[in-house]
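We're numbering straight along the sequence, starting at 1. Just so you know, these numbers come straight off a predicted model, no measurement behind them.
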Amino acid sequence: KMIMTEATTGLPNSSVDEMRKKLFERRLEELKLRANFTEESEVVRAIRREIAEAEALLGKEDPNRTQITQGLSKAYEQLESVLLAEKAAAASHKAKNEAQKKQLAEAQAELTALNEAEAKIAFLTREVNIHETNYRKYSENLEQARINYAMENERISNISVVQAATLPIKAIRPNKLLNLATGFLLGIVGSIVLAIFSEYLDHSIRTPQEVEEKLNLRTLASIPTIQMSPVFPVLKLPEHPPMSGAIVEHSSARLEVPPKIVEYYNCLGELPLNFNGSSDEPYLLAVVGCRRRQGVSSVAANIAATLARRYSEDKVLLIDANIRHPAVHRVFKTKLSPGLIDVLADGTLPIQPLSMRNIHILSAGNPNGNAAEAPDFEKLAEFLDLMKKRYRFIVIDTEPLNESGSTARIAGLCDGAVLTVAAERLRWEIVQRAKICLMESNANILGVVLNKRRFHIPGWLYNRL
């Protein structure tokens, strides 16, 4: 219900409203003056007189204020009476609520008892059904047993045997011949499908044709995998070596390559004539691999040996720039240190000549036992320029591209670079990135040596395919 607290009758009195507004402004001005002047100052007294006159004038103009005040007091009394009535109603509702809570608790207790009774009734009903089923089953079995006993004692039977059962002469199942033929056919089809699927998933480089297709590079040589004998003979280069021998490194063993493999390396001896344009100028060749275990050291050693045999009047220098994993000193059975690191450090030239007169070896070196120290690139460039004045051919065995950032720069200094790739070991995408890295360093990539190639079918059949 709505309670009237104030009523305004008659027409609006704008003059009274304006006087109230002015009175309010004067009071605010009085507060500001009292903050800056004392109570006895003339300014404060003047503003107070103005306020008193305005209040007196406003009291004459508002004769209905007393009536409004009386109306408010009556309304307040009515509100108090309504409040008392509401409090009495609230007490009544509270008492009803307490009574209903008691009734609800009693009803919940009865419901719990009913639920427990219902569960007991369901359990007993299930037990009764089980006992009835067992009783019917036992009754049927008892009747069947009585009938069987009567028929057995009185020999009552309605079955007569016309012919006795005989064993089959030949088994119907399994059909071994059919199963064998089906399994053989499924094996052939499955192997073909598996081979095609494996071929589709395999991205490694296996043949020279794949080198040309994937990398757009020529294949300089395709070196097959060499089967090692149980005894590993140590390599010794004779003074005048025959053309039927080449050198290859496998782990820490030094082996003599069979004469059949020599022809694969002989074609690498034509590299200076094919790419240098002149057979009299010094030629600097870098042998580069994408990763370790690609046979870079063995290829570099065989290229140097092939050049030494082909150009017997010229000197050949083999430099082991693979500081982290040196291998040339194991192939030719020389000392690891002093080597290339010592040359770049103090300027000494510890070049080790072999029994073959025109081939010299510069090992990697191992200063202070730190085999991971990389050579200074600027000093190395100066050293190579100096060696080109003394040697006709210089072959450099470099570190893998993924382990050293200086390999591509060294290849850029050389007249040519040979990329060595182990067959069926690397994805062609990795070799492609290595090619791009060498091209960015302005390296002259002569081609690819496909190393450690395996032939999974006999040679006579491979040649006819």
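The backbone N or O of H93 lies less than 3.5 Å from no partner atom in the side chain of N97, so there is not a single donor-acceptor pair. Between the side chain of S298 and the backbone N or O of G295, at least one donor-acceptor pair lies under 3.5 Å. Side chain of T398 to backbone of V287: a donor-acceptor contact under 3.5 angstrom is found. Within the 3.5 Å criterion, the main-chain N or O of L215 finds a donor-acceptor partner in the side chain of K435. In this structure a side-chain-to-backbone donor-acceptor pair under 3.5 Å is present from S191 to I188. Counting only distance, with no hydrogens or angles, the side chain of K452 and the backbone of E424 share no donor-acceptor pair below 3.5 Å. Without hydrogens or angle criteria, E399 side chain to S404 main chain gives no donor-acceptor distance under 3.5 Å. Put simply, the side chain of T219 never gets that close to the backbone of A221: no donor and acceptor are under 3.5 Å apart. The closest donor-acceptor contact from the side chain of N358 to the backbone of Y311 lies under 3.5 Å.
Applying the 6.0 Å contact sphere to CD of E378 captures no more than 12 heavy atoms from other residues, nucleotides or ligands. Atom CG of L177 has 12 or fewer heavy atoms from other residues, nucleotides or ligands within 6.0 Å. The number of heavy atoms from other shown groups lying within 6.0 Å of CD (E118) does not exceed 12.
Contact check for M387 versus R390: side-chain heavy atoms found under the 4.5 Å cut-off. The shortest distance between side-chain heavy atoms of R330 and L336 does not fall below 4.5 Å. Under the 4.5 Å side-chain criterion, counting only non-hydrogen atoms from C-beta, V288 is not in contact with V418. Side-chain contact between Y135 and I130 is absent, with no heavy-atom pair separated by less than 4.5 Å. Put simply, the side chain of I303 does not reach to within 4.5 Å of the side chain of F393, judged on heavy atoms. Between L284 and L384, the closest side-chain pair of non-hydrogen atoms falls below 4.5 Å. Annotation: side chain of V449 is not in contact with side chain of L419 (no heavy-atom distance under 4.5 Å).
Contact record, A301 with L318: CA-CD2, 4.0 Å, taken as the closest heavy-atom pair. Annotation for A300 and V395: closest pair O-CG1, 3.8 Å, computed over non-hydrogen atoms. Across N322 and A364, no two heavy atoms sit closer than the pair O-CB, 4.0 Å. Across R291 and Q294, no two heavy atoms sit closer than the pair O-CG, 3.0 Å. Taking all atoms of both residues into account, the shortest heavy-atom contact from L401 to A408 is CD2-N, 3.9 Å. Here the shortest heavy-atom pairing between A381 and L413 reads CB-CD1, 3.8 Å.
Between the side chains of E212 and N216, no donor-acceptor pair of N or O atoms lies under 3.5 Å. Side chains of T420 and N451: no donor on one and acceptor on the other come within 3.5 Å. When only modelled atom types and interatomic distance are considered, S204 and R427 share no side-chain donor-acceptor pair under 3.5 Å.
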Quick one, I396 with I394, criterion side chain to side chain contact (heavy atoms under 4.5 Å, CB included). Give me CA distance, side-chain angles, the key distance, then yes/no. CA-CA 7 Å; I396 303 178; I394 302 174; 4.3 Å; yes
Determine, stepwise, if the pair D397 / S297 fulfils side chain to side chain donor-acceptor pair (under 3.5 Å). CA-CA 6 Å; D397 176 15; S297 299; 2.8 Å; yes
Criterion side chain to side chain contact (heavy atoms under 4.5 Å, CB included) on L317 and I359, from CA distance to verdict: CA-CA 6 Å; L317 176 61; I359 183 169; over 6 Å; no
Checking side chain to side chain contact (heavy atoms under 4.5 Å, CB included) for the pair L446/L285: CA distance, chi angles, key distance, verdict? CA-CA 10 Å; L446 305 180; L285 179 65; 3.7 Å; yes
Is there a side chain to side chain donor-acceptor pair (under 3.5 Å) between S222 and R453? Walk through the geometry before answering. CA-CA 7 Å; S222 178; R453 186 181 177 189; 3.2 Å; yes
Side chain to side chain contact (heavy atoms under 4.5 Å, CB included) between V211 and V421, worked out: CA-CA 10 Å; V211 172; V421 179; over 6 Å; no
Is there a salt bridge (charged side-chain N to carboxylate O under 4.0 Å, His left out) between K137 and E140 once you walk through the steps? CA-CA 5 Å; K137 183 177 178 180; E140 293 174 357; over 6 Å; no
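Taking the six-membered ring for Trp and thresholds of 30 and 60 degrees, Y391 and H360 have ring planes more than 60 degrees apart, a perpendicular arrangement.
Salt bridge status for R206 with E210: present, with a side-chain N to carboxylate O gap under 4.0 Å. At a threshold of 4.0 Å, the pair E403-R324 does not count as salt-bridged, since none of the basic side-chain nitrogens sits closer than that to a carboxylate oxygen. With respect to D415 and K388, a salt bridge is recorded, a charged nitrogen being found less than 4.0 Å from a carboxylate O. The pair E143-R146 meets the salt-bridge criterion, since a charged nitrogen lies less than 4.0 angstrom from a carboxylate oxygen.
With rounding to the nearest 0.5 Å, the separation of NE2 in H329 from CG in L362 is 13.0 Å. To the nearest 0.5 Å, the span separating CG on L194 from CZ on F197 amounts to 8.5 Å. Here CD of Q432 is found 13.0 Å from CG of L426. Values are rounded to the nearest 0.5 Å. To the nearest 0.5 Å, atom CG of residue L124 and atom CG of residue N129 are 11.0 Å apart. Atom CG of residue L438 and atom SG of residue C290 lie 8.0 Å apart, to the nearest 0.5 angstrom. Here the CD1 atom belonging to I361 is positioned 15.0 Å from the NZ atom belonging to K335, to the nearest 0.5 angstrom.
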